[in-house]
There are 2 protein chains.
Amino acid sequence: MSKRFLALSRVYRLLEPGPVVLLATAGKTGPNVMTMSWHCMLEFEPPLVGCVVSNRNESFARLRRSKECTLNIPTVELAAKAVAVGNSSGRATDKFAAFGLTPVPAALVAAPLVDECYAALECRVVDGRMVNAYNFFVLEVVKAWVERSVENPKFIHHRGRGEFAVDGEIIRLPSKMK
Amino acid sequence: MSKRFLALSRVYRLLEPGPVVLLATAGKTGPNVMTMSWHCMLEFEPPLVGCVVSNRNESFARLRRSKECTLNIPTVELAAKAVAVGNSSGRATDKFAAFGLTPVPAALVAAPLVDECYAALECRVVDGRMVNAYNFFVLEVVKAWVERSVENPKFIHHRGRGEFAVDGEIIRLPSKMK
């Protein structure tokens with residue numbers, strides 16, 4: 001796929017709606033990827049994102065060690081792969097190879113972008129003070145990419161146990177809210 | 001409307017998809033309500049929720065003072081009211097009265113439930129350590145309510161500037177993910 005830069009000031013518009021994301025990390029044994037929904041914008045610009053990565057996950061150790069990751073936003077067409085990624089562990093499996101996902105080099109971090117996703121956000125861990133209490137990492141998005149070829153991406157929102165709400169109608173209301 | 005208890009173990013299934021919520025607080029001048037999308041599950045049970053409330057908002061002072069709030073989840077039918085609430089300040093306006101929302105007494109907190117919303121979560125602030133750095137409050141959901149009369153609620157997800165994705169198709173995939 002072919003991605004272009006997205007202004008960092010627009011990153012919140014991708015994450016604030018609460019889509020499922022794929023968190024990718026680099027490591028000695030190759031790239032890893034996990035499925036994650038517990039994330040939250042903390043600041044508009046520079047974009048800060050809080051996310052929970054369970055300390056039972058391989059990605060937790062990698063995030064702590066490398067202090068880098070990417071957040072990749074899949075569209076509904078990737079839902080089955082997102083679930084397959086969520087159902088397996090990077091300790092046992094090369095998930096990129098197993099599920100036909102393509103790691104692409106990022107510009108500013110060692111963690112790869114997931115080529116098949118609509119958007120990819122290069123992140124650095126900037127605050128680990130909440131890791132012990134909540135497995136909560138504060139990430140700064142340092143570079144953002146979106147797919148050129150996709151017009152109206154439909155994202156997925158996890159309702160638990162493999163049930164997802166897919167983006168439907170888009171409505172616009174006059175708002176002072178950023 | 002007529003709400004029933006929801007088991008606390010199921011609360012994450014309401015918030016994990018990232019819906020717009022209405023955060024309600026109690027105060028000397030009466031109840032207040034704000035529109036909020038920057039929230040994140042932190043733990044399944046007891047349900048812990050992190051949320052960002054700007055220190056420019058009246059609700060910030062109330063949340064700090066009372067250490068209680070409710071998170072109320074509107075369906076798409078309430079989208080215009082959610083935006084109107086987001087466009088105004090509780091310092092200047094009684095937003096419940098101005099926008100035709102009904103404050104209903106909660107069971108365990110002084111903050112009111114928003115009757116018109118599909119779900120209402122009674123919350124206590126259990127960790128304020130991230131308030132100074134990020135305006136980030138950690139809430140414990142102590143009681144949860146959902147509407148009896150609504151079969152398939154469609155929630156809204158804010159994409160910024162008054163643009164919302166409405167829940168569309170629901171898909172189910174075999175998942176080990178909780």
Side-chain angles (χ1 to χ4, degrees), chain A residues 10-20 35-44 48-52 76 79-88 127 129-130 133-136 138 154-178, chain B residues 10-20 35-44 48-52 76 79-80 82-88 127 129-130 133-136 138 153-178:
Chain A
R10 294 176 60 88
V11 163
Y12 78 96
R13 304 192 66 172
L14 291 168
L15 291 179
E16 182 169 321
V20 169
T35 305
M36 193 255 294
S37 290
W38 287 11
H39 58 77
C40 175
M41 288 303 301
L42 297 175
E43 187 50 86
F44 288 106
L48 298 181
V49 182
C51 67
V52 175
V76 62
K81 288 188 178 190
V83 170
V85 166
N87 284 346
S88 59
D127 189 340
R129 286 177 292 174
M130 285 89 81
Y134 303 108
N135 294 330
F136 188 80
V138 178
K154 289 185 176 297
F155 303 119
I156 56 173
H157 306 265
H158 190 223
R159 295 182 162 192
R161 307 196 177 285
E163 179 177 305
F164 299 86
V166 182
D167 285 343
E169 182 190 7
I170 305 302
I171 59 177
R172 293 173 183 82
L173 295 162
S175 177
K176 296 184 220 158
M177 297 187 291
K178 189 172 183 187
Chain B
R10 295 176 60 88
V11 163
Y12 78 97
R13 303 192 67 172
L14 290 169
L15 291 178
E16 182 169 322
V20 169
T35 305
M36 193 256 292
S37 290
W38 288 13
H39 57 78
C40 174
M41 289 303 301
L42 297 176
E43 187 50 84
F44 288 106
L48 298 181
V49 182
C51 68
V52 175
V76 62
V83 170
V85 165
N87 284 345
S88 59
D127 190 341
R129 284 177 293 174
M130 286 90 80
Y134 304 107
N135 295 332
F136 188 79
V138 178
K154 288 184 176 297
F155 302 119
I156 56 174
H157 306 266
H158 191 221
R159 295 182 163 192
R161 307 196 178 284
E163 179 176 303
F164 299 85
V166 182
D167 284 343
E169 182 190 9
I170 305 302
I171 58 177
R172 292 175 183 80
L173 296 161
S175 177
K176 296 184 219 159
M177 298 187 289
K178 187 172 182 188

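Keep in mind that the numbers below use all heavy atoms, side chains included, and drop hydrogens, waters and symmetry copies. Each chain gets a letter, A, B and so on, in the order its sequence line appears, and its residues count up from 1. Being a predicted model, the structure only gives us computed values, none of them experimental.
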>> Under 4.5 Å from any heavy atom of chain B, what part of A/Val20 do you find: side chain, backbone, both or neither?
In response: neither
>> Heavy-atom cut-off 4.5 Å, strictly under: side chain, backbone, both or neither for A/Leu15 against chain B?
In response: neither
> Hey, what's the ring geometry for B/His157 with A/His157, parallel, tilted or perpendicular (30° and 60° as the breaks)?
Replying inline: parallel
Which heavy atom of [X] sits nearest to which heavy atom of [Y], and what is that distance?
X	Y	result
A/Ala79	B/Ile171	CB-CD1, 3.9 Å
A/Val83	B/Pro174	CG1-O, 3.3 Å
B/Glu16	A/Trp38	OE1-NE1, 2.8 Å

> Going by the salt bridge (charged side-chain N to carboxylate O under 4.0 Å, His left out) test, which pairs reach into residues 167-178 of chain A, not counting sequence neighbours?
Replying inline: A/Asp167-B/Arg159, A/Arg172-B/Glu163
Side chain, backbone, both or neither: which part of [X] has an atom under 4.5 Å from a heavy atom of chain A?
X	answer
B/Phe164	both
B/Leu14	neither
B/Ser88	neither
B/His158	both

>> For the CG atom of B/Leu173 and the NZ atom of A/Lys81, what is their distance to the nearest 0.5 Å?
In response: 13.5 Å
>> If I take atom OG from residue A/Ser175 and atom CZ from residue B/Arg161, how far apart are they, to the nearest 0.5 angstrom?
In response: 9.0 Å
> Which residue out of A/Gly162, A/Gly18, A/Gly168 racks up the most heavy-atom pairs below 4.5 Å with chain B?
Replying inline: A/Gly162
> Among A/Asn87, A/Val52, A/Ile170, which has the most heavy-atom pairs under 4.5 Å with chain B?
Replying inline: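 Most pairs with chain B among the choices: A/Asn87.
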>> Just to verify, what does B/Ala84 make a side chain to side chain contact (heavy atoms under 4.5 Å, CB included) with, not counting sequence neighbours?
In response: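 If we apply the side chain to side chain contact (heavy atoms under 4.5 Å, CB included) test to B/Ala84, skipping adjacent residues, the hits are B/Phe99.
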>> For the interface with chain A, which of B/Val166, B/Val138, B/Leu48, B/Val76 has the highest count of heavy-atom pairs at distances below 4.5 Å?
In response: B/Val166
>> Test side chain to side chain contact (heavy atoms under 4.5 Å, CB included) on B/Met130 and A/Arg129; report intermediate values, then the result.
In response: CA-CA 9 Å; B/Met130 286 90 80; A/Arg129 286 177 292 174; over 6 Å; no
